[in-house]
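Step one of this worksheet: look at the structure below.
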There are 2 protein chains.
Amino acid sequence: MATIRDVAKRAGVSVATVSRVLNQNGYVNEETEKRVRRAMKELNYKPSEVARALFKKTSKTVGLIVPDITNPFFPELVRAVEDVMNIYDYTVILCNSDEKAEKEREYIEVLKQKYVDGVILTTNQLTPDEVDEWDVPIVVLDRPFNEKYPSVVVDNYRGARLATRHLYDMGCRRIAHIQGPMYVVNAVERFRGYQDEMMELGIWEQRLVIQGNYQLKQAKEAVMAALAQQEIDGIFAGNDAMAVGALKAVQQCGLRVPDDIAIIGYDGIPLTEMTTPELSTVSQPIYDMGAIAARILIKQIEGKPLEKLHYQLPVQLIVRQSTSRREQM
Amino acid sequence: MATIRDVAKRAGVSVATVSRVLNQNGYVNEETEKRVRRAMKELNYKPSEVARALFKKTSKTVGLIVPDITNPFFPELVRAVEDVMNIYDYTVILCNSDEKAEKEREYIEVLKQKYVDGVILTTNQLTPDEVDEWDVPIVVLDRPFNEKYPSVVVDNYRGARLATRHLYDMGCRRIAHIQGPMYVVNAVERFRGYQDEMMELGIWEQRLVIQGNYQLKQAKEAVMAALAQQEIDGIFAGNDAMAVGALKAVQQCGLRVPDDIAIIGYDGIPLTEMTTPELSTVSQPIYDMGAIAARILIKQIEGKPLEKLHYQLPVQLIVRQSTSRREQM
DNA sequence: TCACTTTATGTAACCGGTTACACAAAGTAT
DNA sequence: ATACTTTGTGTAACCGGTTACATAAAGTGA
């Protein structure tokens, strides 16, 4: 690999001049620049990002910490971040934290050692105090965390109310909710939305709440158990994977969706269009969330002012077959 | 951030000694080492990976180029690579190539500038000649590419024969194949397997081949069109997404799966368990593929000998409801 | 013509590690 | 006692960029 000194020698100039050509700053004679560019081309010279990073303490690299890329909500988010970063010549280091504080800590440490310019966090088990010490630009994505840090989230509470209300409008009166894990803020918000809406409708009952962990399988079993014990005519699942679990449970019990039990999920992952019947869901603008988070991070890195610190994107109720009693059959 | 010189000063030694402690090489007196370690702890010193990378020309970072993380086949693969790399203290830069040669080239260029230690390629539109010039360790994953480079693939040909034969055994005689894009080697192999098996069974017919592009939607439409024109009693889809498309098309035509038409996919992504009926498929050991590729890459990077250059992992026929005529109903 | 600005380029220090080499003290074999 | 090896540590060059500072020629205004 050719270095800047090789280029300098070949062009008959000093390394400073080559550097000026590279960075387009300082004064460089037109003729000289041409000679330098020719030398660069002839040697197929590409500057070392590492040498640059060492001096500038910035690496054109960002970290992206997700709980688990295998969770179908995240690929689209990751893709969006990657796309935007790519446009601005940043590179993305992907980290799976499994929601473990220890893994998050380790990753942050490593990322800092590699001089990443910023980090997008879609998971967080750490305290704000701990995060304060990182002195790296941070954007919080999907999970509300702390006032201080820029964030991109959706209105989980409102979405949950929308979903619950929709089931009610479809004629459901005994609406169960499969709750996500309570250590995930979003799951709590969705539960709150469900609870408030149910209370307002005067049909709230504690036992309609089913404990889930965001996984299909566990949700399926939990719903099977619930169906055996009580009457239910609608299910609002805390995410789409659990909605599929519910769907399977209901079908396995010989009941029909949506005729006997209507089901609605949350997230709007592609999967919801693949089931039979197709699943209604509260759709989040996943790609946009990732893209906006990436843009905000870049602004922060480049020291530009943010118009807004906290972005809350709208959710959208998507009605499909699993809650459409009229149109279907 | 404290530097090695700060540590040296505080411990009252030279930077060389600190470096020796860090890397556990050379002679260091026990007492001295203790002092150095104390100083490191007190200053919360973490060595700069960037400075190291500059000198050593190695960065404890690898590149992973996939066509599109949004394609449900890849998250598990990516996760496996990340998990293994994490164990060995490597970090993973994720790149989406969209199967475009130009993007692949750009990424490789950037990765080299960042001194990545190796690259895992799950896509490739480039010629071996071009790849030869990279002088970075490469492992080819999922897509067979060139004899020279270590690879991890599955036997697509055999899997396709298995699937076709399975449909035949289930009583299907007019077995259609939804073909993936012909610029993807795997799709060609799967087609070949289908074709050879059909010929051997004496039921091959050119018009049973349906052109797909690995996408659900397009496959659904193609199958709708095919169903209108000819009789079909079994469908072997080139991947699981297209199998779901086929499933939807068949159901939309008012036909039953598997009774009227049996369907089998390829890949074994989680999605296949979420449909109703659940999809039979030829399952690839996705996680293992990623994990093995990662291990091979690390061996190469660390200059250890590979026991084997090419790994071909077994596929497994998974029979579910979409091809089970007896058990069901 | 003189002082000052603009243009153009080079020299060398610096970023934060690693390591070749030098040097000295202590241990060991003869 | 001498020669040689082992242990322990420091100095300084190096990796490949960037940039502060120095220098000088050319241009500009009074």
Side-chain angles (χ1 to χ4, degrees), chain A residues 1-40 43-61 89 109-117 135, chain B residues 1-40 43-61 89 109-117 135:
Chain A
M1 277 286 249
T3 75
I4 197 171
R5 284 163 230 270
D6 300 329
V7 175
K9 189 170 290 177
R10 183 162 194 122
V13 299
S14 73
V15 293
T17 301
V18 178
S19 182
R20 286 189 197 102
V21 171
L22 269 177
N23 297 291
Q24 318 234 58
N25 58 20
Y27 293 110
V28 179
N29 182 285
E30 228 176 280
E31 274 309 308
T32 313
E33 173 160 356
K34 261 190 214 158
R35 282 212 319 283
V36 170
R37 292 212 181 276
R38 180 148 15 98
M40 294 198 299
L43 295 170
N44 188 27
Y45 168 74
K46 296 276 152 43
S48 157
E49 277 302 328
V50 175
R52 261 188 191 161
L54 179 57
F55 189 89
K56 300 248 209 133
K57 288 172 176 0
T58 179
S59 61
K60 283 280 177 183
T61 304
D89 295 324
E109 213 50 71
V110 174
L111 292 174
K112 277 175 63 182
Q113 285 181 49
K114 299 200 174 178
Y115 290 179
V116 295
D117 300 334
D135 71 349
Chain B
M1 277 283 248
T3 74
I4 196 169
R5 283 162 234 270
D6 300 328
V7 175
K9 189 170 291 176
R10 183 163 194 120
V13 298
S14 73
V15 292
T17 302
V18 178
S19 181
R20 284 188 199 105
V21 171
L22 270 177
N23 297 289
Q24 319 234 55
N25 58 20
Y27 292 110
V28 179
N29 183 285
E30 230 177 279
E31 273 309 308
T32 312
E33 173 161 355
K34 260 191 213 157
R35 283 214 319 283
V36 171
R37 291 210 180 280
R38 179 145 18 95
M40 295 198 297
L43 295 171
N44 189 26
Y45 168 75
K46 296 277 152 49
S48 157
E49 276 302 327
V50 175
R52 257 186 195 165
L54 179 58
F55 189 89
K56 300 249 210 128
K57 290 174 174 354
T58 180
S59 61
K60 283 281 178 184
T61 304
D89 295 323
E109 213 51 70
V110 174
L111 292 174
K112 276 174 64 182
Q113 285 182 47
K114 299 201 173 175
Y115 290 179
V116 295
D117 300 335
D135 70 348

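The model shown is predicted, which means the values in this text are computed figures rather than measured ones. Just so we're on the same page: letters track the sequence lines, and every chain starts at 1.
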(message) I'd like to know whether A/Lys60 forms a side-chain contact (heavy atoms from CB on, under 4.5 Å) with B/Val110, so could you lay out the CA-CA distance, the side-chain angles of the two residues, the decisive distance to 0.1 Å, and finally the verdict.
(response) CA-CA 10 Å; A/Lys60 283 280 177 183; B/Val110 174; over 6 Å; no
(request) Could you check A/Arg20 against A/Val13 for side-chain contact (heavy atoms from CB on, under 4.5 Å), going step by step and ending with a plain yes or no? (result) CA-CA 11 Å; A/Arg20 286 189 197 102; A/Val13 299; over 6 Å; no
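One can place NZ of B/Lys34 at 13 Å from P of D/dT9, the figure rounded to the nearest angstrom. In this structure, the NZ atom of A/Lys9 is 13 Å from the P atom of C/dT11, given to the nearest Å. Here the P atom of nucleotide D/dG17 and the CD atom of B/Gln113 are 9 Å apart, to the nearest Å. Between the P atom of D/dG16 and the CG atom of A/Leu43 lies a distance of 14 Å, rounded to the nearest Å. In this entry the distance linking CZ of B/Phe55 with C1' of C/dT19 reads 5 Å, nearest Å. At whole-Å resolution of the value, NZ in A/Lys114 and P in C/dG16 are 18 Å apart. Look at CG on A/Leu54: it is 9 Å from C1' on D/dG16, rounded to the nearest Å. With rounding to whole Å, B/Arg35 atom CZ is found 12 Å from D/dG8 atom C1'.
Remark: the A/Lys114 side chain and the B/Thr61 side chain contain an N/O donor-acceptor pair separated by less than 3.5 Å.
Of all nucleotides listed (D/dT9, D/dT18, C/dG10), D/dT9 comes nearest to the side chain of B/Thr32.
Put simply, the side chain of A/Arg52 and the base of D/dG16 share no donor and acceptor less than 3.5 Å apart.
Rounded to 10°, the helix from C/dT1-D/dA30 to C/dT30-D/dA1 has 40° between the axis fitted to its first five pairs and the one fitted to its last five.
At least one side-chain nitrogen or oxygen of A/Lys57 sits closer than 4.0 Å to the OP1 or OP2 atom of C/dG16. Between B/Ser48 and C/dC15 there is no side-chain polar atom (N or O) within less than 4.0 angstrom of OP1 or OP2.
Between the side chain of B/Ser59 and the backbone N or O of B/Ala53, no donor-acceptor pair lies under 3.5 Å. Between the B/Asn23 side chain and the B/Asn25 main chain, no donor and acceptor come within less than 3.5 Å of each other.
Within residues 18-30 of chain B, the residues having any heavy atom closer than 4.0 Å to DNA chain D are, in order of number, B/Arg20, B/Tyr27, B/Val28, B/Asn29.
Residues A/Thr32 and A/Tyr27 form no side-chain contact, since every pair of their non-hydrogen atoms from C-beta on lies 4.5 Å or further apart. Using a 4.5 Å heavy-atom cutoff, the side chains of A/Asp135 and A/Lys112 are in contact. You'll find the side chain of A/Arg10 stays beyond 4.5 Å of the side chain of A/Asp6, heavy atoms only.
A/Val13 comes within 4.0 angstrom of the backbone, heavy atoms only, and of no base.
One finds a salt bridge joining A/Glu33 and A/Arg37 here, because a Lys/Arg side-chain nitrogen approaches an Asp/Glu carboxylate oxygen to under 4.0 Å.
Between A/Arg5 and A/Gly12, it is A/Gly12 whose nearest contact on DNA chain C lies nearer the 5' terminus.
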